[in-house]
Structures are given as structure tokens and as C-alpha cells.
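Input: a single structure, listed below in C-alpha cells.
One-based numbering, in listed order, for ligands and for the atoms of each.
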Amino acid sequence: MTEKTFYNFSLFDGTGDTNDANAWFTVDTETGALTARGTGKHPDSKETVDLNGQYVMPGFLNVHTHVTIDPDSFDGSFGDSEAESAVWAYQNLQKLLKSGVTFARQLGTDYDVDVKLKRMQKKGLLPRTPHFQASGRAFSMTGGHGDSPHGGWAVDSPDEMRKGVRTALKNGVDVVKMMATGGVMTPGDFMADPQLSVEEMHTGVVEAHHKGLKVASHAEGNPGIQNALDAGVDSIEHGFYVTEQEARQMLDQGTYLTPTLIAEWTIPAYGKGVLPDWEVKKCEDALEDTYRNFKRAFKMGVKFTCGTDAGTPFNGFDMTPREFELLTTKVGMTPAQAYQCSSLNSAALCNVADKYGTLEVGKQADFQVLSKDPLADVKNVQQEDKQVYLGGEREF
Ligand SMILES: [Zn+2]
């Protein structure tokens, strides 16, 4: 075992709401795991790194990204070919890591390139990319949200869903994504449109759960959110119109909410006169309702995750840090509560909390180094030239 000790920094480990002053930790450079941690005088190691009084916090987990989508194309696509999509996805994974995201979950990827890129990553062929889970293409109904030539997997009965999910599992996905409602980016398709049925989704949930995999459901309005909950999904993605009764059901079932605040916020903020009026209007009309619904759900105790829907219009792969600002200003969280959506809740949702999320002994040394205190101001995580480490190795 080779040890490397980092010292002289303030540590927010992602579990509580305070910093440890004058902290140090030691990393096993072969496994990338933290082996010891403390404050004050640090132990002697073969290698030591002085972090000069800066601030250390866990790398972010972003549980909702689309690495094959171009946030500047505005129509949900990038290239027409698998080769273009794959190169684009690789570059976006690097951008996520540079912004401080050390673990990402892909929820709907053209040509299943995330599944294929992950195989390459395991062979060490994708340097400077975060750990990630891959969903491959997303399941939708024919003509529904996400039914695109290369990005969707249309199913129209429980049997088709069963066959589809089993095939996706055979292909090696880590998570299953399904569309319970319409969405923002397709004309004539609305947040309140129910799409996949309870029976279709439930069949997919049973198959995924048999393999120990989680199911994420795109669900923006009602009755689709209710349908997804009745089907037993593990996370409601977006959930803009979540009701009090649905929030109670989420508490009972242990369902997570991925609010993707930045995705809904960027469209009216930057899209006027650029995007079609119907698209801007759909988001603008929903914003105030969304914030009210989220505040209530959060107060009731629903567990929120960190997910940005990166790839949607103006919602780039460098923007994850800005989600925390919206979680504080729009939902009413403290900075520590906002970061815990990533460090605790996202890791639990992805079933990786034994290894990722917080900076506790035994977990991976995936962290960022900031010049200003992230607990004093959530904007401090938006620092562009932050240092980012994976397993104790500096990547950016
Ligand atoms: Zn999405």
C-alpha cells in the first residue's frame, strides 16, 4: 500500500453541516480509498500534499445527465451518427468532471453509447472522466416523450416493456429510465400528458428490481407522477407538480425526487427569442408552481437528489454547481442540506453510498478543492478553476 496524505485544509465531508478546521486525510493510492482522517498534526506519509488552507468537499454526484445531447442545439440532438454521439459524450463526461462531478448517472443516451463508453472506461481508455452509471436509451410509449430515432426505446404493452428491460439488462445497463409523462422539449406534448401506463412501468420495475437495479421515471405533471409512484419506481425525475398526497406516498415508499431545477430555470432565463415561444411558455408557466410544490415536499421530508438534466437547452455540462444555488433560493435548503442532496441522497439512490458521496474513511477520495468556504455561500462551489481529484489523484 502506498499512502498519500493531504493536509492543511478545512473539510466538509458531506455528512453534517460544519467544517473541520486544520484537517488532514490519508489515501491508499492503489485503491483510491481514504484510510485515515483527522485534524491537527498529520501523520508522516511517503507523499504529502499541502492544500494551503483551502476548502475540501466531496465531488458531486449528478444523477440526471444526457451526455449525448447538445445544450446549444435546442432540439435534443447532437450528431446523426453513433460516432459523433460517442465523441461528444466523452467530451461531456470530461466537462462534468472538471466542474466537480465525480459520479454521474446517465438517464437516456442515444445509441446506448453510455453503456459502450463504460466498457471502455473499465479498460482505462477514457481518461479524466467521472464514475458513471448508464441507462442506455430511455423507455417511452410510441410517439411519447423521448421517442426519438436513436435515443428512445418505444414499448406499448407490459410484454414489450418486459422484453425491452430484459434486453437492456442483457446489454449491461446500470439503471432503467422510463417516461411517465410528456415533457418540455417536444411540441404538442405536455407535462400533464400521462404516457407509459402503470402496468407497463410496473412490469419494467419488477424486471429491473430482480437484478437489483433502480428505475428512474421522467414524471413532470399529473396523473403521470401518481402513475409512476403506483408502478413502484425508485425516483421521480423533475416532479414539478408533485402533490401533497404524492409526497406522502414518496415518504412511505422511500422514493427520491430529482428536482432538476436548473433545467427548468434556464429555458425562460435564456430562451426568450431564441427557443420557440411554446417551449419557453411551458417552463415559465410551471416555475412558481414548481417552487411551491418542492418547498412543501422538502418540508414533509421527501429526499431530494442532485440532478441537472444536463444537455437540455442552455443547461451545459459545467453547470451542476449552480443547482445548489437554486436548491437554497427556490426550495429553502441551507447550503449543507443542498450539498447533502448530492453527498448522501444521490449516493443512496444510486446504491453506491458504501463507496461514493461522502469523505469518510473507507470511501473513495473523490473531492474538490475550493478557495472559498462552500458552507458560507453556495456560489463558492461555482469556482471555475477548482481542483478535482478522483481516488486521491488530481484530474483537473
Ligand atoms: Zn432528462
Is H64 close enough that one of its N/O/S atoms sits under 2.8 Å from the Zn ion (ligand 1)?
-> yes
So do V205 and V233 actually touch side chain to side chain, heavy atoms under 4.5 Å?
-> yes
Look at H238 and state whether any of its N, O or S atoms is less than 2.8 Å from the Zn ion (ligand 1).
-> no
Taking C-beta and beyond as the side chain, do M250 and Y256 meet within less than 4.5 Å on heavy atoms?
-> no
Determine which of the N, O or S atoms in D309 is closest to the Zn ion (ligand 1) and give its atom name.
-> OD1
For the side-chain hydrogen bond (donor to acceptor under 3.5 Å, both in side chains) test, which of E246, E244, Q245 pairs with R248?
-> E244
Take the angle between the ring planes of F294 and F240 and call it parallel below 30°, perpendicular above 60°, tilted in between.
-> tilted
